[in-house]
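One structure is given here, and the rest of the page talks about it.
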Amino acid sequence: MAEITVMGTTGLLGIIGYPVEHSLSPAMQNAAIAHLKANYIYLPFPVVPDQLTQALQGLDAIGVRGFNVTIPHKQAVIPLLTSVSDVARTIGAVNTVYREGAGWYGTNTDIVGFLAPLEAYPGWTEGATVVLGHGGAARAVVAGCAQKSCQQVQVVGRNAEKLQQFFASWENSPLQPNLTVHSWDQLPHLLPSARLIVNTTPVGMHPHVQASPLTDEQWLQVSTQCIAYDLIYIPSPTLFLQQAQKRGAIAIDGREMLVQQGAAALERWLQTEAPVTVMRMALNQKLSDR
Ligand code: NAP
């Protein structure tokens with residue numbers, strides 16, 4: 001594997017989060033940087049929540065060229081940036097920051113990441129997309145669906161008040177999904193006509209690998225032509241995707257979204273095409289080492 005040589009001129013990139021030590025981004029990004037022989041290094045920066053303002057000033061002071069943002073700073077960073085892209089504002093979260101002139105510009109590459117694996121199945125926009133959950137990742141999914149003019153987006157959640165807030169939050173958005181919101185008990189009416197089902201809940205994530213947001217019986221209502229997309233990347237496949245495969249449906253896991261959001265961020269910083277295959281291999285290696 002190619003290595004990075006750090007010199008006095010090496011440009012700094014990184015990720016801010018708390019905690020950040022489990023992030024898979026440094027392995028993926030540094031593999032790409034080494035492959036490109038770019039004079040950069042990508043570092044993890046643990047930033048406690050009440051130090052975010054000082055941390056951004058520090059990153060600015062030491063000339064960091066760009067950085068990713070992860071939990072818990074994705075929303076809190078927005079007012080600290082000079083400007084924010086329309087997609088990031090719509091989602092309400094920034095995951096990628098880069099320099100523009102004298103300031104910091106924030107955007108969100110989760111939409112690009114989410115959409116990338118769906119490119120192989122262009123017909124998905126012609127049917128209904130059922131989105132399980134209405135948290136941060138669901139916002140990127142719904143925004144991606146809107147960008148692709150998906151026929152219908154049906155968001156399913158367990159909390160009526162949060163569902164209504166989620167629905168209302170798109171009212172003045174530049175992206176206008178054809179959106180309806182539903183309680184979990186309405187699933188029997190939604191599943192038979194779903195073209196795409198996206199799990200954006202953490203149900204089934206390591207270590208709760210025996211859990212799935214859908215029961216075996218519910219899967220019997222799903223079309224065998226359906227695409228099941230789980231944003232979870234550990235384990236792979238999740239029980240949700242195993243059920244989908246058993247049903248004969250197409251299964252997409254969360255790894256490719258993770259790789260593609262990282263690739264899109266690297267392209268912003270380096271202004272060159274990201275080596276996606278190298279990043280995918282680095283991620284898979286890191287996950288198999290766990
Ligand atoms: P989040 O903001 O906390 O949202 C989680 C959503 O799931 C909420 O709507 C929550 O509902 C719902 N939920 C949680 N437990 C549930 C349960 N037992 N039954 C039904 N609904 C439940 O989290 P997030 O940031 O959106 O992340 C969600 C998942 O996506 C995580 O697994 C994360 O790893 C994954 N993700 C993957 C990528 C990628 O690149 N592959 C990117 C982002 C996120 P309540 O509000 O009612 O609790």
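Start at 1 with the first residue, then count along the sequence. Note that this is a predicted model, so its numbers are computed, not measured.
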### Verdict with reasoning, Q147 to V87, per side chain to side chain contact (heavy atoms under 4.5 Å, CB included)
CA-CA 10 Å; Q147 250 184 23; V87 283; 3.5 Å; yes
Can you hop from [X] to [Y] via hydrophobic side chains spaced under 4.5 Å?
X	Y	value
L80	I62	yes
V203	L241	no
V222	V156	yes
V130	V153	no
I227	I111	yes

With no hydrogens and no angle check, do the side chains of [X] and [Y] hold a donor and an acceptor under 3.5 Å apart?
X	Y	result
Q151	N178	no
T201	R158	no
T109	N95	yes

Which heavy-atom pair separates [X] from [Y] by the least distance, and what is that distance?
X	Y	result
P275	H35	CB-CD2, 3.6 Å
V47	L52	CG1-CA, 3.9 Å
G204	I232	C-CD1, 3.9 Å
M28	G262	CE-CA, 4.5 Å
R99	L59	NH2-O, 3.7 Å
Q210	L239	O-CD2, 3.2 Å

Heavy-atom side-chain contact between [X] and [Y] under 4.5 Å:
X	Y	result
I41	L12	yes
N30	Y40	no
F166	V142	yes
H189	Q221	no
L132	L187	yes
R247	T224	yes
W124	T129	yes
N199	T238	no

Main-chain N/O of [Y] paired with [X] side-chain donor or acceptor, under 3.5 Å:
X	Y	result
Q243	L214	yes
Y229	F114	yes
T215	Q218	yes
D253	P237	no
R280	R255	no
S236	Y233	no
Q29	P26	no

Return the [atom1] to [atom2] distance between [X] and [Y], rounded to the nearest 0.5 Å.
X	Y	atom1	atom2	result
C226	L191	SG	CG	8.5 Å
L24	L287	CG	CG	5.0 Å
L231	M205	CG	CE	11.0 Å
L175	D86	CG	CG	8.0 Å
I71	I16	CD1	CD1	12.5 Å
S183	N159	OG	CG	11.5 Å

#### Entry: Test applied, side chain to side chain contact (heavy atoms under 4.5 Å, CB included); reference residue, T107; option that passes from T96, V84, V94, I91
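With T107 as partner, side chain to side chain contact (heavy atoms under 4.5 Å, CB included) holds for just one option, T96.
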Atom [atom1] of [X]: over 12 foreign heavy atoms under 6.0 Å:
X	atom1	result
N172	CG	no
E273	CD	no
Q54	CD	yes

### Task
Could you give me the CA-CA distance, side-chain angles and deciding distance for S193 and Q152, then say whether side chain to side chain contact (heavy atoms under 4.5 Å, CB included) is met?
CA-CA 11 Å; S193 53; Q152 212 178 356; over 6 Å; no
### Task
Show the numbers, then the answer: is there a side chain to side chain contact (heavy atoms under 4.5 Å, CB included) between T82 and E100?
CA-CA 9 Å; T82 319; E100 206 174 62; over 6 Å; no
### Message
Among W104, F45, Y42, Y98, exactly one meets ring pair (Phe, Tyr, Trp, His ring centres under 6.0 Å) together with F67. Which residue is that?
### Response
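Testing each of W104, F45, Y42, Y98 against F67, the sole residue satisfying ring pair (Phe, Tyr, Trp, His ring centres under 6.0 Å) is W104.
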#### Entry: Audit row: R65, L270, side chain to side chain contact (heavy atoms under 4.5 Å, CB included) steps and yes/no
CA-CA 9 Å; R65 313 280 175 88; L270 268 54; over 6 Å; no
